[in-house]
Amino acid sequence: MDNNLLAEALFPDTAETPDFYENLYPPRNLPEGAVVSRLAPSPTGFVHLGNIIQGLTSERMSHQSGGVLFLRIEDTDAKREVKGGVRSIIEGLSHYGIEFDEGAGTDGDFGLYGPYRQRQRVKIYHCFAKQLVREGRAYPCFCTEEELGEIRQKQISAKENIGYYGKWAVWRDKTNVEISEKLSSGARWVLRFRSQGDSKNKIKFTDLIKGGVEVTENDIDHVILKSDGIPTYHFAHAVDDHLMRTTHVVRGDEWLPSLPFHIQLFNALGFKLPKYLHIGPLMKMDGTSKRKLSKRKDKELALSFYREKGYPPESLYEYVLTVLNSNYEDWRNANPSSAAGDFKFSYKKMNPAGSLFDEAKLNDVSKNVVAMFSAEKVYNDLLIWADEFDPDFGKVLRREQQKAVLALAIGRGGKKPRKDFALWSEVKDKIGFVFDEYFSYTDKIEGFDKSDIIEVLRAFAKSYDSDDDREKWFEKIKVISEEAGFSPDIKEYKNNPSLFKGSVADVSSFIRVAVTGRLNSPDLYDIMKLLGKSATLRRITNFEEVL
RNA sequence: GGCCUGUUAGUCAAGCGGUUAAGACGUCGCCCUCUCACGGCGAAGACAGGAGUUCGAUUCUCCUACGGGUCACCA
């Protein structure tokens, strides 16, 4: 029985030959140097930072070069599938600025190289698998889980390398007659790749991020089709990325160890190997040691974590870019108002090692990003966040839109904009006091006589005119200070503290606490303006009672 | 355990055989200032260890240590 007959016995329904698909999916007509890249998530619906990191890298490489970015769904493991998962992945990525030129979409697939969901491509995989069988490069294996377990145990006790290879590969050297007999008994089988590698040999390989790597040849006969006929990742990767004409594969470096196998597969199938970019893992501090961020343990890996906290997507985008390309920050400092997309992304600036996720840095980046937003954009984005995660605040923002925008506009714009919040969840705490719902006399004034405070507040209330400009307004406070025995000049007070009860700074703080409830606030003049005269005076009057 | 890979300040990082070893975040100090935030100035703080190659190693090679990854009919 020759291999052709075995191939027919294994794949009776597969009529097409590889040529058929080669013609169906011709090489793309793209300019020299255009990158075709993809994102290939499982449909778990769980979008995490790793997706963004890989997605942004692929997206930049593709779009910057005039190439193509597509989305392929790796749904070969049914156990992983979550209903609605594809949609939430697409929406999640889009939220962070990653859009696809072709691939799986919320309303079905689009593009000429589909289908883009692997379970819909089974026919294609079988065609290439059949070819490998014909050529003697793949064979069925009937081992049960128990048998594989036994092999493994023997290998452990004999201290040999673990895996299905060489003499341990029990079905590797069976005759086609033996195989055919087993097959006709109806036994379940998987298709294994017949490796011609030797673990004593090394192969050299260039990864665009890691540089030259030297890896041991693969000698394991890995499974390429599971017993349900669905391919494993490895086989699907080879077939899909070839037929979809991918030029650059961006993936996590946990794939590096299986690279030797992938190289063998591409060679055996007669495919040209794409370029690889293996990205180091994102780590976090765990006690005193670093470890890879884990989907199960670390909430900060999930994008939902950032949405809940209210990081604008632009901030995360910006942060990821600073992690990916070390020169991004310098570029950003030199071009503060340019769009992030104008930055020239380069894989050469990517770090081969994993980097630690740094929330403090993210906050700083976010602060700068938010500072560049207009008050209207802050209001809109804040409202969207609040509606979902702080509905009461959302209601207030909606009702008091004008006041909210004015409050958010204080200190915004200009050369040195305020940078007082990085996330939407911080906003209520910073400026919530402008709304009566969130106003309370939180901070206490210490170290001054109550009577002095009251005297100052009464004088201020009496003199306050909402038509005063900033200078006049502050002049009045200085006058009040002097009349109450406080120095209008801070330097003067510092030089002779014993001559005064305090300075104009202290007087200002009395008024500030009365009006905002806080010792610290944005510009007090602007706050009074937006509160209006009556509300300002009411708060001052009420504060006297509190005292 | 085998195999792979990485290691420059607390963190992110420049650096490609000769540098006073950039810069950013964080920390601390000073200045500006009605508070805060911003901004300005400054300080502390690093080439994991050991061999070798070299006139000269952060940079090249090897070993050790430590970190990370991977060894599925998961991706």
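To find a chain, count down the sequence lines: A is the first, B the second, and so on, and within it residues start at 1.
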Q: Please find out if less than 6.0 Å separates the ring center of F486(A) from that of F510(A).
A: yes
Q. L148(A) has an atom CG; how far is it from atom C1' of A72(B), in whole Å?
A. 9 Å
Q.
Only pairs with both distances under 3.5 Å count, Watson-Crick or wobble alike; so what is the partner of C60(B) in this structure?
A. G52(B)
Q: Please answer whether the main-chain N or O of A422(A) pairs with a side-chain N or O of S366(A) as donor and acceptor at a distance below 3.5 Å.
A: yes
Q. Expressed in whole Å, how much space separates the P atoms belonging to A48(B) and A21(B)?
A. 15 Å
**Q.** Separation between the C1' atoms of A22(B) and A13(B), rounded to whole Å
**A.** 10 Å
Q | C30(B) to U35(B) separation - P atoms, rounded to the nearest Å | A | 15 Å
Q | Interatomic distance, R188(A) atom CZ to L183(A) atom CG [nearest 0.5 angstrom] | A | 12.5 Å
**Q.** Nearest-nucleotide comparison on RNA chain B, the residue closer to the 5′ end among G212(A) and N161(A)
**A.** N161(A)
Q. In terms of the angle between their ring planes, are H262(A) and W255(A) parallel, tilted or perpendicular, with boundaries placed at 30° and 60°?
A. tilted
Q) On a plain distance test, is the side chain of R512(A) in donor-acceptor contact with the base of C34(B) below 3.5 Å? A) yes
Q | Sub-6.0 Å ring centroid separation between F439(A) and Y441(A) | A | yes
Q) Given A37(B), C25(B), C34(B), which nucleotide is nearest the side-chain atoms of A505(A)? A) C34(B)
Q. Can you find a side chain N or O atom of K419(A) that sits less than 4.0 Å from OP1 or OP2 on C36(B)?
A. no
**Q.** Under 3.5 Å on both distances, the Watson-Crick or G-U partner of U70(B)
**A.** G2(B)
Q. When all nucleic acid strands are considered with a 4.0 Å heavy-atom cut-off, which category describes K200(A): base, sugar-phosphate, or nothing?
A. nothing
Q | R192(A) side-chain N/O to C73(B) phosphate OP1/OP2 under 4.0 Å | A | yes
Q: Under 4.0 Å between any heavy atoms, over every strand shown, what does K79(A) touch: base, sugar-phosphate, or nothing? Just pick one.
A: nothing
Q. If we take the C1' atom in both U8(B) and C12(B), what is their distance in whole Å?
A. 12 Å
Q. Any chance the rings of H278(A) and F205(A) have centres within less than 6.0 Å?
A. no
Q.
Mind checking if N363(A) touches a base, just sugar-phosphate, or nothing, with heavy atoms under 4.0 Å?
A. nothing
Q: Check the distance between G6(B)'s C1' and K210(A)'s NZ and give it to me in whole angstrom.
A: 7 Å
Q: Round to a whole Å and report the spacing from NZ of K361(A) to P of G10(B).
A: 16 Å
Q. With a 4.0 Å cut-off on heavy atoms, is N520(A) in touch with a base, just the backbone sugar-phosphate, or nothing at all?
A. base
Q. NA contact type, E160(A), heavy-atom cut-off 4.0 Å: base, sugar-phosphate, or nothing?
A. nothing
Q | Separation of atom NZ in K416(A) from atom C1' in A37(B), rounded to whole Å | A | 12 Å
Q. Any donor and acceptor pair, going by atom type alone, linking the side chain of K226(A) with main-chain N or O of T76(A) inside 3.5 Å?
A. yes
Q: Under 4.0 Å between any heavy atoms, over every strand shown, what does T76(A) touch: base, sugar-phosphate, or nothing? Just pick one.
A: sugar-phosphate
Q: Kindly point out which of A75(B), G6(B), C38(B) is positioned nearest to the side chain of A353(A)?
A: G6(B)
Q) Between atom CD1 in I89(A) and atom P in A75(B), what is the gap in whole Å? A) 15 Å
Q | Stretch residues 477-489 of chain A: residues that reach within less than 4.0 Å of RNA chain B through a heavy atom | A | none
Q) Separation of I162(A) atom CD1 from U70(B) atom C1', in whole Å? A) 12 Å
(Q) Contact between D241(A) and R72(A) at the side-chain level, heavy atoms closer than 4.5 Å - yes or no? (A) yes
Q) Roughly how far apart, to the nearest Å, are C4(B) and G26(B) at atom P? A) 41 Å
Q. Under 30°, 30 to 60°, or over 60°: which ring-plane class applies to F343(A) and F345(A), parallel, tilted or perpendicular?
A. perpendicular
Q. If you check every side-chain atom of V213(A), which of A24(B), G26(B), U5(B) has the closest atom?
A. U5(B)
Q. Looking at A75(B), C38(B), G6(B), which one has an atom nearest to any side-chain atom of P352(A)?
A. G6(B)
Q) Rounded to whole angstrom units, what separation is found between the CG atom of L256(A) and the C1' atom of G68(B)? A) 12 Å
Q. Partner of A14(B) by Watson-Crick or G-U wobble geometry, both contacts under 3.5 Å, or none?
A. none
Q) Checking all strands, does F421(A) fall into the base, sugar-phosphate, or nothing category for heavy-atom contacts under 4.0 angstrom? A) nothing
Q) Is it true that a side-chain atom of N325(A) and a backbone atom of Y328(A) form a donor plus acceptor pair closer than 3.5 Å? A) no
(Q) Can you list, in residue-number order, the parts of residues 216-229 of chain A that come under 4.0 Å of RNA chain B, counting heavy atoms only? (A) T216(A), V223(A), K226(A), S227(A)
Q: Output the residues of residues 315-336 of chain A in contact with RNA chain B, where contact means a heavy atom of the residue under 4.0 Å from an atom of the strand; sort by number or write none.
A: S326(A), E329(A), D330(A)
Q. Hey, is the side chain of R418(A) pairing donor to acceptor with the base of C36(B) inside 3.5 Å?
A. yes
Q: Taking atom C1' in both C41(B) and U33(B), compute the distance separating them and give it to the nearest angstrom.
A: 16 Å
Q: Figure out the CD/C1' separation between E74(A) and C74(B), and round it to whole Å.
A: 11 Å
Q) Just by modelled atom types, is the N161(A) backbone N or O under 3.5 Å from a matching donor or acceptor in the Y165(A) side chain? A) yes
Q | C1' atoms of A9(B) and G15(B), separation to the nearest Å | A | 15 Å
Q | Test: R470(A) and D526(A) ion pair at under 4.0 Å | A | yes
**Q.** Any K349(A) side-chain nitrogen or oxygen under 4.0 Å from OP1 or OP2 of G15(B)
**A.** yes
Q: On the 0 to 90° scale, with breaks at 30° and 60°, tag the F11(A)-H126(A) ring pair as parallel, tilted or perpendicular.
A: tilted
Q. Donor-acceptor pair, E81(A) side chain versus P43(A) backbone, under 3.5 Å?
A. no
Q. Taking the same atom, P, in G52(B) and in A14(B), what whole-Å distance lies between them?
A. 30 Å
Q. Counting only Watson-Crick or G-U wobble pairs whose two distances fall under 3.5 Å, which nucleotide matches A43(B)?
A. U27(B)
Q. Among G6(B), A13(B), C34(B), which nucleotide sits nearest the side chain of N351(A)?
A. A13(B)
Q: Would you mind classifying the nucleic acid contact of K202(A) as base, sugar-phosphate or nothing, using non-hydrogen atoms under 4.0 angstrom?
A: sugar-phosphate
**Q.** Pairing partner (Watson-Crick or G-U wobble, both distances under 3.5 angstrom) of C32(B)
**A.** none
Q: Using a heavy-atom cut-off of under 4.0 Å over every strand shown, decide if R412(A) touches base, sugar-phosphate, or nothing.
A: nothing
Q. Looking at F261(A), F193(A), Y125(A), which one forms a side-chain contact (heavy atoms from CB on, under 4.5 Å) with F235(A)?
A. Y125(A)
Q: Once you apply the 3.5 Å cut-off to both distances, tell me the Watson-Crick or G-U wobble partner of A65(B), or none.
A: U7(B)
(Q) Ring centres under 6.0 Å, that's the criterion: do Y139(A) and W171(A) meet it? (A) no
